[in-house]
**Q** 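To start, I am sharing the structure in question, which I have written as structure tokens.
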Amino acid sequence: MKRLLLLACLLFSSSLHHAAFSADRPNILWLTSEDHGPQMGCYGDTYATTPNVDALAAKGMLFNKCWSNGPVCAAARTTIIMGMYPPSTGGEHMRSMTQMPKGTKMYPQLLREAGYFCTNNSKEDYNLAKTKETWDESSGNAHWKKRKDGQPFFAIFNETCSHESQIRTRPHEQVHDPKGVRVPAYHPDTPEVRQDWAQYYDQVTLADASAGKRLKELEAAGLAEDTIIFYYADHGSGMPRSKRWPCNSGLHVPLVVYFPPKWQHLAPKEYKTGGKSDRLVSFVDLAPTLLSIIGVQPPEWMQGHAFAGKFQSEPQPFIYGFRGRMDERYDAVRSVTDGRYVYVRNFMPHLSQAQHVSYQFQTPTTQVWRKLYDEGKTTPEQSIFWTQPKAAEELYDLQSDRDEVHNLADKPEHAEVLAKMRQAQESLAVKIRDVGLLPEGEMHQRAEGTTPYDMAHDDELYPMQRVLSVAGAASSMKPELNAELKTAFTDKDSAIRHWAAMGALMRGKVGVEQLHAELLNAAKDSSTYVQIPANWALAKHGSDAERTAALTALVSLADWSKHNVFTCMSALCAIGDLGDAAKPAVEDLKKLPTKGESPDPRFNSYVSRLLADLTGSTPEFEPDATPKAEMPQGKKKKGKGKKKVE
């Protein structure tokens, strides 16, 4: 009898402990969706049909100005999981893989250490290698219902129906009338474009319905008033010039939050029922905000700022964006907004916004848009996307130019604003030691034995400010800075030499003529990442003999059996930019291997896609390339693999 009484007391004590713990900390539910911007009723879009999120906003609050930092899923989700900017961790490139900075943890692990049951259902897509301790469960079956009795939970349910791939799925039963679509100024007004936009709205409606289902499930369990709810999408719409481009159309996302009355002391200071906040927030802020809500001070290595909870900070003056490699195409872009102006800094202005990313070109809008541009039938606003070179700096006023098609960077009356925004971008690059200014392969080489983040904080391994200075001079395309580039060609650091060669390439024929001797030497540099832009420049603007030699060198650099995958991809991108000048190499390109070693299987098809684009073959999309969440022990997936989702 005594043993029974003792057992009963222990059980009662345990239940009290769980009840007290649960009462002391809120549950947190994140409802997320893919590839859609703030095209929702609560954001004033009368064409949208989003009753569930609208209702959540009516009893909660929405943020008018939230950016995803990265305009594609893996980059955006890598930002969220760490509370750090991927250009500081080496995780900015699409479907890359690198190591987390030493001494850091992904935020779910920190929540678990605080006693939370953490589930993810189910997309991860991080560019950083996670540990087994990250989630209690991350799978299509993950659910907050599996927690221990009384244990507070943090749960994510991610909806994929609004993904880019669903915009172009045919046949499709149209719900929103294409005639009612507002076609942005950068898109041509054609039936294909209108159908894609209307179908996009249809899919956002489905994402809203999914959110409604999860909200009803929470309410049916009696947990609605014990749970803080966030709804957001992972980046802008899946339409071209939104997804993959780090301007407002690619980064602006909905963010709706609800804090029940008992937890409103943890809400943002400006929180009010049905309110709208103009506070600038972005995905780098989500992890520190979560920790702040549960009463844990965010670690110093997190680069975001909590906007709710015990440790919430004051509103920030700027939010930031970035673009690195998008699938098989390299680029380096940084952006910043103060809520009104958007500043874009192109470190590779010789490349258009619309590089040939094979996956993006499957969308009907992209195809018809390109055809019209080639036929000379697009307006100046519609031509920006395809134009080479693009401007080194872009500045847009969202107040008068919501579609970001009127560049104010060269307007004297906006010189002060331009300088302010430029300074903000450069200051962040220095603060986080932006490692994305290194060629991707060289970043991995320098970080061997450590991590890109830790390598970047060693000035011997990465003279960051010198690299930023030369990259800025090179990409400015200003002829008066040629003397600085000439000196940079002889620098002991290969990244400096890389940007010197890039600067000559970006300046076109004149740059090649003025830096000709330096390019000839650079074409034989010890670093392949110096050789590639030097040979690229010579193949494009050199003499006939130099073009032939440079093209031969680039084909050799594109051989996966001789070089690493990053060198191969870079060389193939260079060859692709040569246009007709690359035709003599087509037969040799057909002989190159499409398989080889790489740090992660998720981007193994990229070399194949680049070669397909150059040789006219069919691009490869690996069905199993998308990172999939782990299945629970003993569960097996049914059915055949689906096409890759990016």
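In what follows, every heavy atom counts, from backbone to side chain, and hydrogens, waters and symmetry copies are set aside.
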**Q** If you take the centroid of each ring, where Trp contributes its six-membered ring, are His406 and Tyr396 closer together than 6.0 Å?
**A** no
**Q** We want to know whether Glu393 and Asn346 form a side-chain donor-acceptor pair, criterion being a heavy-atom distance below 3.5 angstrom.
**A** no
**Q** Determine whether Val565 and Pro599 make a side-chain contact, defined as any pair of heavy atoms from C-beta on separated by less than 4.5 Å.
**A**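 They are in side-chain contact.
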**Q** Looking only at non-hydrogen atoms, find the nearest pair between Pro87 and Ile432 and report the distance.
**A**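 Here Pro87 and Ile432 meet closest at CB-CD1, 4.3 Å.
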**Q** Any side-chain heavy atom of His350 within less than 4.5 Å of one from Arg507?
**A** no
**Q** Quick one: are Asp577 and Gln388 in side-chain contact, heavy atoms under 4.5 Å?
**A** yes
**Q** Which is it for Arg602 and Ser96 under the side chain to side chain donor-acceptor pair (under 3.5 Å) test, yes or no, and what are the steps along the way?
**A** CA-CA 7 Å; Arg602 296 186 301 172; Ser96 60; 5.8 Å; no
**Q** Run the side-chain donor-acceptor check on residues 315-323: report pairs under 3.5 Å with partners two or more places apart or on a different chain.
**A**
{"residue": "Gln316", "atom": "NE2", "partner": "Glu314", "partner atom": "O", "Å": "3.0"}
{"residue": "Arg323", "atom": "NE", "partner": "Asp331", "partner atom": "OD2", "Å": "3.1"}
{"residue": "Arg323", "atom": "NH1", "partner": "Arg244", "partner atom": "O", "Å": "2.5"}

**Q** Going through the distances and angles, do Ser494 and Arg446 end up as a side chain to side chain donor-acceptor pair (under 3.5 Å)?
**A** CA-CA 11 Å; Ser494 57; Arg446 295 187 187 211; 3.3 Å; yes
**Q** Please lay out, stage by stage, how Leu468 and Phe347 fare under the test side-chain contact (heavy atoms from CB on, under 4.5 Å).
**A** CA-CA 10 Å; Leu468 175 63; Phe347 285 96; 4.3 Å; yes
**Q** Applying side-chain hydrogen bond (donor to acceptor under 3.5 Å, both in side chains), name anything that partners Ser237, two or more places apart in sequence or on another chain.
**A** Ser242
**Q** Which is it for Met455 and Met443 under the side-chain contact (heavy atoms from CB on, under 4.5 Å) test, yes or no, and what are the steps along the way?
**A** CA-CA 9 Å; Met455 174 274 292; Met443 176 193 74; 4.2 Å; yes
**Q** Using a cut-off of 6.0 Å, state whether more than 12 heavy atoms not belonging to Glu448 lie near its atom CD.
**A** no
**Q** For the pair Asn127 and His93, evaluate side chain to side chain donor-acceptor pair (under 3.5 Å) and give the outcome as yes or no after the intermediate values.
**A** CA-CA 8 Å; Asn127 290 334; His93 300 295; over 6 Å; no
**Q** Where is the tightest heavy-atom contact between Phe283 and Asp234, given as atom of each residue plus distance?
**A** CE2-O, 3.3 Å
**Q** Just by distance, with hydrogens left out, do Thr528 and Thr567 show a side-chain donor and acceptor under 3.5 Å apart?
**A** yes
**Q** Applying salt bridge (charged side-chain N to carboxylate O under 4.0 Å, His left out), name anything that partners Asp374, two or more places apart in sequence or on another chain.
**A**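 Partners of Asp374 under the salt bridge (charged side-chain N to carboxylate O under 4.0 Å, His left out) test: Arg370.
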**Q** Do Glu484 and Thr487 come within less than 4.5 Å of each other through their side chains, counting heavy atoms only?
**A**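 No, their side chains stay 4.5 Å or more apart.
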**Q** Less than 4.5 Å apart, side chain to side chain, heavy atoms only: is that true for Gln423 and Tyr343?
**A** no
**Q** Met97 and His444: which non-hydrogen atoms are nearest, and at how many Å?
**A** O-CE1, 3.5 Å
**Q** Do you know the tightest heavy-atom contact between Met82 and Pro101?
**A**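 Heavy-atom minimum between the residues: CE-CD, 4.2 Å.
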